[in-house]
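So the structure is just underneath, and the comments pick up after that.
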Amino acid sequence: MPTTADVTISLSLRERMQSARNVLVLTGAGISAESGVPTFRGGGNTTIWKGMPFDVISSARMLQTNLPAVWEWFNYRRRLLAALKPNAGHLALARWHDRFDDFTLVTQNVDNLHQLGGSREVTELHGNIWRARCVECSTRYNLFENEVVGDFKEHEVDESDEELPPAPICEACGNSLRPDVVLFGELLPPGVFERATEKAQQCELCFVVGTSALVYPAASLPEIAAGAGAYIVEVNPERTPLSDLCDEVIMGKAGEVLPLL
Ligand code: BV8
Ligand code: ZN
């Protein structure tokens, strides 16, 4: 794994950053890795929950068939997240809002760490783990105050197949709440991807940070930016299917590279 000492920022990139006006950054789970948030596919493995790959437990199908199991999985992740902090990568990007005339931060993450790190106007393609919404009337609820969490045992996963607590109930209409997160097989919130696409078409510099670039439609944003003539820079300790499309690949950790930029 390259260390910070190995990472050099090219002069041409420094010059581009000096003159850039429209910049878009797309982040994935990798930017939260140094905060201690497990990635989904990092290090060649896939996040597994009770024997299920995460794109099975985090899917529209699982929501239909076993909403309490989906709540258990998200309660577990919120418990982990509650103790974690944004890292130098999040903090560096928060400063980019004031460096460029038109800066757009698009994230695939649902962990809220960009906001906690001081970023304003975060475009969340896949929602936010700290919000829930009613399956019926779409009333939204903040979970920060732990308003609605099951009686979940701290961090432990009870392997017993005892009955899971039911999903929390909407105060407005009495139907079940669900995580306000886009699951596999679900459409993104209306308008969110369209706005991100517009920004990708307008940007002159596009950074792709900490994503395996496998999940669509998010992974198509850098392709759209490249098609519109933007200079694409990938920041990732590993190569990805996107690397060949990029003008520059900086092999390193977000928390080490972004502050250098
Ligand atoms: C959609 C929220 C239209 C949930 C997420 C079959 C049936 C149905 C759909 C599909 C199908 N086949 C394909 C699809 C489309 C599917 C898809 O793309 N599947 C993939 C797996 C092939 N997409 C969808 O379903 C999307 N909706 O298409 O709607 C539709 C509707 C109905 C039917 C058909 C089509 C919705 C996708 C959204 C899913 N929700 N998150 C939750 O959190 O539980 S996705 C979730 O996974 C993340 O949000 C993220 O987007 C993705 C994980 O990707 P990464 O962020 O890249 O993370 P990963 O762990 O993979 O990689 C980490 C990277 O970081 C690595 O490269 C690593 O090297 C690097 N790294 C590690 N450490 C560091 C680092 N980098 C920097 N610094 C470090 N320190
Ligand atoms: Zn309701």
Side-chain angles (χ1 to χ4, degrees), residues 1-2 4 7 26-47 49 52-63 70 73-74 76-78 81 87-90 92-93 106-112 124-141 167-190 192-193 207-222 234-243 249-259:
M1 176 87 76
T4 318
V7 175
L26 170 69
T27 63
I31 195 167
S32 297
E34 289 151 275
S35 294
V37 184
T39 61
F40 294 102
R41 297 177 186 80
N45 68 355
T46 299
T47 296
W49 172 257
M52 292 177 277
F54 93 96
D55 51 3
V56 168
I57 180 69
S58 274
S59 69
R61 257 179 62 75
M62 188 57 76
L63 192 88
V70 174
W73 158 234
F74 277 93
Y76 167 75
R77 289 166 67 188
R78 277 207 312 281
L81 270 169
N87 64 60
H90 297 107
L93 289 184
V106 182
T107 189
Q108 302 173 78
N109 302 340
V110 299
D111 60 28
N112 203 53
E124 294 179 311
L125 295 180
H126 300 151
N128 189 304
I129 197 168
W130 293 100
R131 265 197 326 266
R133 75 168 186 272
C134 174
V135 294
E136 207 49 50
C137 70
S138 294
T139 304
R140 278 174 167 70
Y141 294 81
I169 295 298
C170 172
E171 286 161 9
C173 77
N175 283 290
S176 299
L177 300 187
R178 56 157 290 164
D180 193 16
V181 163
V182 180
L183 302 177
F184 283 98
E186 292 188 324
L187 294 169
L188 274 59
V192 172
F193 189 67
F207 288 86
V208 189
V209 182
T211 182
S212 59
L214 295 173
V215 172
Y216 282 82
S220 60
L221 282 175
E234 183 174 56
V235 177
N236 194 317
E238 295 172 6
R239 289 187 69 82
T240 72
L242 206 61
S243 301
V249 175
I250 305 176
M251 301 284 280
K253 293 181 175 180
E256 295 173 6
V257 171
L258 293 177

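Both ligands and their constituent atoms are indexed starting at 1 by order of listing. All figures in this text were calculated on a predicted structure; none of them were measured in a lab.
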Would you mind running through ligand 1 and noting each atom that sits below 4.0 Å from a heavy atom of [X]?
| X | value |
| --- | --- |
| Glu34 | 78 (N), 79 (C), 80 (N) |
| Ala33 | 73 (N) |
| Val110 | 2 (C), 43 (O) |
| Val181 | 2 (C), 4 (C) |
| Gln108 | 48 (C), 49 (O), 50 (C), 51 (O) |
| Glu186 | 1 (C), 26 (C), 27 (N), 29 (O), 36 (C) |
| Gly28 | 56 (O) |
| Ala254 | 77 (C), 78 (N), 79 (C) |

Short N-O contact, Arg178 and Glu186, less than 4.0 angstrom: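 Yes, this pair counts.
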Opening angle at the Zn ion (ligand 2) [SG, Cys170; SG, Cys134; to 10 degrees]: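 It rounds to 110°.
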SG (Cys137) to the Zn ion (ligand 2) to SG (Cys173) angle, given to the nearest 10 degrees: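 The two atoms form an angle at the metal of about 120°.
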Under-4.0 Å heavy-atom contact with ligand 1, by part of Val215 that carries it: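 Looking at Val215 and ligand 1, atoms from backbone and side chain both fall under 4.0 Å.
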Ser58 contact mode with ligand 1 (heavy-atom cut-off under 4.0 Å):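 It is the side chain that gets close, since no backbone atom is under 4.0 Å.
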Ligand 1 to [X] polar contact by distance, N or O atoms, under 3.5 Å:
| X | answer |
| --- | --- |
| Arg41 | yes |
| Pro217 | no |
| Asn236 | yes |
| Tyr216 | yes |
| Asn109 | no |

Approximate separation, where rounding is to 0.5 Å, of [X] [atom1] and [Y] [atom2]:
| X | Y | atom1 | atom2 | result |
| --- | --- | --- | --- | --- |
| Ile31 | Phe207 | CD1 | CZ | 12.0 Å |
| Asn112 | His90 | CG | NE2 | 10.0 Å |
| Asn175 | Arg133 | CG | CZ | 13.0 Å |
| Cys134 | Asp180 | SG | CG | 11.5 Å |
| Leu214 | Gln108 | CG | CD | 9.5 Å |

For the side chain of [X] and the backbone of [Y], is there at least one donor-acceptor N/O pair under 3.5 Å apart?
| X | Y | result |
| --- | --- | --- |
| His126 | Val110 | no |
| Ser35 | Asn87 | yes |
| Ser212 | Thr240 | no |
| Asn109 | Asp111 | no |
| Ser59 | Met62 | yes |

Ring geometry between Phe54 and Phe184 (parallel below 30°, tilted from 30 to 60°, perpendicular above 60°):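 Phe184 vs Phe54 ring planes: perpendicular.
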Yes or no: does [X] have any heavy atom under 4.0 Å from an atom of ligand 1?
| X | answer |
| --- | --- |
| Pro237 | yes |
| Glu256 | no |
| Ile31 | no |

Heavy atoms from other residues, nucleotides or ligands near CZ of Arg140 exceed 12 (cutoff 6.0 Å):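 Yes - once you tally the heavy atoms of other residues, nucleotides and ligands closer than 6.0 Å, there are more than 12.
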Option nearest atom 60 (O) of ligand 1 (shortest heavy-atom distance, choices Phe54, Phe193, Phe40):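 That would be Phe40.
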Residue selection (non-hydrogen contact nearest atom 2 (C) of ligand 1) among Val37, Thr211, Val182, Leu214: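 It is Val182 whose heavy atom sits nearest to atom 2 (C) of ligand 1.
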